[in-house]
K.L.:
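Below you'll find the structure I mean.
Because only heavy atoms are used, hydrogens play no part in the values below, and waters and symmetry mates are left out as well, while side chains stay in. Just so it is clear, the structure is predicted and the values come from calculations on it, not from any experiment. Start at 1 and go down the list; that is how both ligands and their atoms are numbered.
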Amino acid sequence: MKFFIDTASVKEIREAASYGILDGVTTNPSLLSKEQGEPLAILKEICSIVDGPVSAEVVALDKDGMVREALDLVKIHPNIVIKIPLTKEGVKAIRELSQKGIRANATLVFSSNQAMLAAKAGASFVSPFIGRLDDAGHVGMDLVREIVTIYGNYGFETEVIVASVRNALHVVDAAIAGAPIVTCPFNVIELMFKHPLTDAGIKKFLEDWDKIKKRGQA
Ligand code: G3P
């Protein structure tokens with residue numbers, strides 16, 4: 001399973017990369033809007049930190065505009081993947097980009113039908129937004145299970161990126177569902193480390209070690 005980080009914060013990406021468990025990065029216009037600085041410069045810096053797919057999203061709504069933006073974005077770094085919303089124009093753009101050998105990540109995916117269209121168009125990645133589905137009263141992880149099954153049934157090579165992850169349980173459920181990739185906000189990566197029994201265990205080991213040292217001094 002690959003771990004991506006879902007942020008445009010260079011600080012968070014540097015910190016997560018230092019753990020040695022980071023396989024890629026996903027950004028979107030909202031995430032980039034939270035950061036100071038020019039988006040292309042931020043994406044370039046991100047690519048210098050993480051050696052893996054870095055998703056950068058287009059904002060055009062028409063196929064030609066999407067492809068134009070994509071062609072500019074891929075000049076930033078070979079690891080750039082073009083994030084494209086799953087619309088009719090988006091599917092056309094994904095198809096054109098895949099024919100040019102440019103990797104696309106179909107985003108804002110909320111149904112298995114949309115995921116099938118993304119795979120048929122040649123998307124390298126598909127991003128079901130599970131947190132937003134949960135927010136709307138659906139079980140987001142059901143969608144992940146469906147897509148993983150469907151892609152398996154037909155041998156689609158499109159990789160599922162579980163996105164819109166809100167908590168550590170989402171990560172576990174994505175792994176149980178067999179999703180190849182999960183993209184987590186920084187706070188969720190931090191939560192994955194935490195367990196009170198780990199902290200309590202370290203405290204006890206150190207206290208007991210201290211007893212040995214004190215014995216030696218007596
Ligand atoms: O990768 C997509 C993700 O950024 C969306 O997350 O929390 O805005 O639904 P959220």
K.L.:
List every atom of ligand 1 that sits less than 4.0 Å from any heavy atom of Arg166, numbering the atoms from 1 in the order shown and giving each element.
P.N.:
7 (O), 9 (O), 10 (P)
K.L.:
Indicate, as side chain, backbone, both or neither, the part of Asn28 found under 4.0 angstrom from ligand 1 when only non-hydrogen atoms are considered.
P.N.:
side chain
K.L.:
So, does Glu57 sit close enough to ligand 1 that a heavy atom of it is under 4.0 Å from the ligand?
P.N.:
no
K.L.:
Given salt bridge (Lys or Arg N to Asp or Glu O under 4.0 Å), test Lys211 with Asp208 step by step and report yes or no.
P.N.:
CA-CA 5 Å; Lys211 284 182 204 157; Asp208 290 344; 3.0 Å; yes
K.L.:
CG of Asp199 to NZ of Lys203: how many Å apart, nearest 0.5 Å?
P.N.:
10.5 Å
K.L.:
Can you tell which of Thr107, Thr183, Thr26, Asn105 makes a side-chain hydrogen bond (donor to acceptor under 3.5 Å, both in side chains) with Ser127?
P.N.:
Asn105
K.L.:
I need the atoms of ligand 1 closer than 4.0 Å to a non-hydrogen atom of Ala163, numbered in the order shown.
P.N.:
1 (O), 2 (C)
K.L.:
Among all protein heavy atoms, pick out the one at the shortest distance from atom 6 (O) of ligand 1; state its residue, atom name and that distance to 0.1 Å.
P.N.:
Ser164 CA, 3.4 Å
K.L.:
Is there a side chain to side chain contact (heavy atoms under 4.5 Å, CB included) between Ile181 and Met1 once you walk through the steps?
P.N.:
CA-CA 6 Å; Ile181 305 167; Met1 189 184 204; over 6 Å; no
K.L.:
Is Leu61 atom CG crowded by more than 12 heavy atoms from other residues, nucleotides or ligands, each under 6.0 Å away?
P.N.:
no
K.L.:
For atom 8 (O) of ligand 1, what's the nearest protein heavy atom and its distance?
P.N.:
Arg132 NH2, 2.8 Å
K.L.:
Look at Arg14 together with Glu45 and state whether they make a salt bridge at an N to O cut-off of under 4.0 Å.
P.N.:
yes
K.L.:
Return the closest protein heavy atom for atom 3 (C) of ligand 1 as residue, atom name and distance.
P.N.:
Asp6 OD2, 3.0 Å
K.L.:
What protein heavy atom sits nearest atom 2 (C) of ligand 1, and how far off is it?
P.N.:
Phe129 CZ, 3.2 Å
